[in-house]
Amino acid sequence: MKKRVAEIFKPFLGEEPPVNLPKNREFGHYAIPVFKYAKAQKRNPAEFARELGEKVVQREEFEKVEPVGGFLNLTLSQKFLDQFANRVLEEGEEFGKGSAPVKESILLEYISANPTGPLHIGHGRGAVFGDALLRIGRHLGHKIVAEYYVNDAGRQIYLLGLSLWLAGREELGLPVEYPEEYYRGEYIKELAKGGLKELGEEPFRNESGVEQLAEWGKDKMLEEIKRDLEAMGITPFDNWVSEKEIFTRWEEVRQLLEKAGALYEKDGKVWLKSTQFGDDKDRVVIREDGRPTYLAGDIVYHWDKFRRGFDRYINIWGADHHGYIARVKSAIKFLGYDPAKLEILLAQMVKLLKGGEPFKMSKRAGNFILVRDLVEEVGADPMRFIFLTKKPDTHLEFDIDQLSQQDSSNPAFYINYAHARIRSIFRKIGKEYRDFIPVELNSLGEEEKALLFSAFQLPYILEEAFTHREPHRLTNYLYRLASDFHSYYNRTRILETPEEAERLKVVAVIATILKLGLGLLGVTAKERM
RNA sequence: GACCCCGUAGCUCAGUUGGAUAGAGCGUCACCCUGCGGAGGUGAAGGUCACAGGUUCGAAUCCUGUCGGGGUCGCCA
């Protein structure tokens, strides 16, 4: 819509001018600041705006063209609004589909939490963030592959086995000596009990059982993670990539790195010369005892990603991994790929309060808050919403009690309620949205025009939300739209008025947009509350 | 010390590509039910956009510096 307006001005200005959305409704739907063009011609901006206005005032798209200072304010005609309303009603939830100006193939990797414990709310934030990006991006027409990297090898998995072994032994009354590092927490005890039932007591008798328990426990945890994802309504992943499996290609990658002069030996270890491409220090990839570090696996994984030839690679990591970016990018560079194609988004921490009381998260200590518990407490939708109303790179703090509220303080509720109210009207009259396509809009009030206008912004909002990797823009937009609707609905009767048909058409558009937008956030719009 | 994120109303946070009078929710106060869903709406109070410079027609937004809060700095992941 905005694009069409910009195009109208291209012949007069030589380019598509910036088209602003004025905050104040008195200034119309769109405003074009002409300062830049006036200055280039050394003209007075007000005069320039007036002359520009005269050139477009006759067009059917505009009802009013008004120069104010250095701005040219535009009010769209009902005819123009009607055309868009018809498009929304015809296309329904396909509205805006494939509207990205440039379509890319993207490999999106997110969560990738170790299968050593259930997901906590920090993972939850990354999960919801990634899922929203995925849905929005796909709607816009990007080809996105969703991938989860499973760290199913190495020390963390060993520790899982050890922790289960210890917990099982304690359960059996066998002697237990706790080392400094192991996983605590209720889930370990429960899992160990499950292990006793399923595998018998044998693996717990002596230390050789640790490895078996690690393998078994990892599979169990992965299943639990998948259950958690499902409970949150996360779109199923296209790929689950196993570190263990991918690492079988290490020799191949190692040779490539050596050829590129990326590796050297020192103190019996193999180092990556990551300082060459901006890292603070070089990093060990193979330890003295021959075991690879985590980085080695990650290098192979990224090599594998780039070989698959996407336009872009997006990783969503916890903010605590930011120091890791430089070394991964340097490895990519050594392997002959363009590290600029790898975009790493950091999701900041989540702090949870309940009645003002802070909760702390620490996976090791075992007193972290599980996604599962939060879903049980407030439901998946409110949880998704609270994560998606904030920028991912800000520390997020919220009180659980507020999310349990069934009122406007709970955005998930509030938006759904707007949708349900409209559904209720259509249930009552027994008609479909599409039935109103033939209705001509010509006696709309200011509020109705404004409602339609903001509903038509959806494709633009989606584009912005995706390119900035900020799905919260969509959430906030939907909230505003719902709010505008509630306000309108509160003072405007729809049924049994002379304007009934036109008003139904307007709210049908609103409901379509709300449902579509909610869907892209992973929330199913409710028919009734 | 280095690097990353943040600093906007009492609290939690939005603020579009730099654009006109700075926004929401919660909390406080005052209102609106003869109504299609009041689980809603309207209004009031509340601001040195951390601070200081700079860039320009114009800065919460971009640049530099300072201060403050959080995070990371492993041969864990």
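In the text below, chain A, chain B and the rest are named by the order of the sequence lines, each starting its count at 1. Here the structure is a predicted model, which means the values were calculated and not measured.
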Please list, chain by chain and in numerical order, all residues satisfying salt bridge (charged side-chain N to carboxylate O under 4.0 Å, His left out) with R480(A), sequence neighbours excluded. none
Please state the P separation for the pair G10(B) and C4(B) - nearest whole angstrom.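 It comes out at 31 Å once rounded to the nearest Å.
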Nearest to the Y414(A) side chain among G41(B), G19(B), G37(B), which nucleotide is it? G41(B)
Closest listed nucleotide, where the reference is the side chain of R528(A) and the choices are G19(B), G37(B), A77(B):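 Closest nucleotide to the R528(A) side chain: G37(B).
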Just call it for [X]: base, sugar-phosphate, or nothing, with non-hydrogen atoms closer than 4.0 Å on any strand.
X       : result
H321(A) : base
F398(A) : nothing
K526(A) : nothing
N416(A) : nothing
A31(A)  : base

Distance to the ring centre below 6.0 angstrom and angle to the axis at most 45 degrees; does that hold for R384(A) and F387(A)?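 Not satisfied by the 6.0 Å and 45° rule.
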Do the numbers put K226(A) on top of the ring of W240(A), so that NZ or CZ is under 6.0 Å from the six-membered ring centre and no more than 45° off the axis? yes
Just the table, please: protein N/O against nucleotides 26-33 of chain B N/O, every pair under 3.5 Å.
from   : atom 1 : to      : atom 2 : distance (Å)
C26(B) : OP1    : S408(A) : OG     : 3.4

Do nucleotides 1-11 of chain B as a string where each nucleotide becomes B, S or -: B if the base has a protein heavy atom under 4.0 Å, S if just the sugar-phosphate does, - if no protein is that close. --BSBS-----
Is there any salt bridge (charged side-chain N to carboxylate O under 4.0 Å, His left out) pair reaching into residues 293-302 of chain A, and which pairs are they, with sequence neighbours excluded? none
Pairing residues for K218(A) by the side chain to side chain donor-acceptor pair (under 3.5 Å) criterion, not counting sequence neighbours: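 By the side chain to side chain donor-acceptor pair (under 3.5 Å) rule, K218(A) matches E215(A).
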R155(A) has an atom CZ; how far is it from atom P of G74(B), in whole Å?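 Answer to the nearest Å: 15 Å.
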Under 4.0 Å, heavy atom to any atom of RNA chain B: which of residues 460-469 of chain A qualify?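 Y460(A), E464(A), H468(A), in order of number.
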Run the salt bridge (Lys or Arg N to Asp or Glu O under 4.0 Å) check on R291(A) and D289(A) step by step: do they pass? CA-CA 6 Å; R291(A) 280 160 45 234; D289(A) 60 7; 2.6 Å; yes
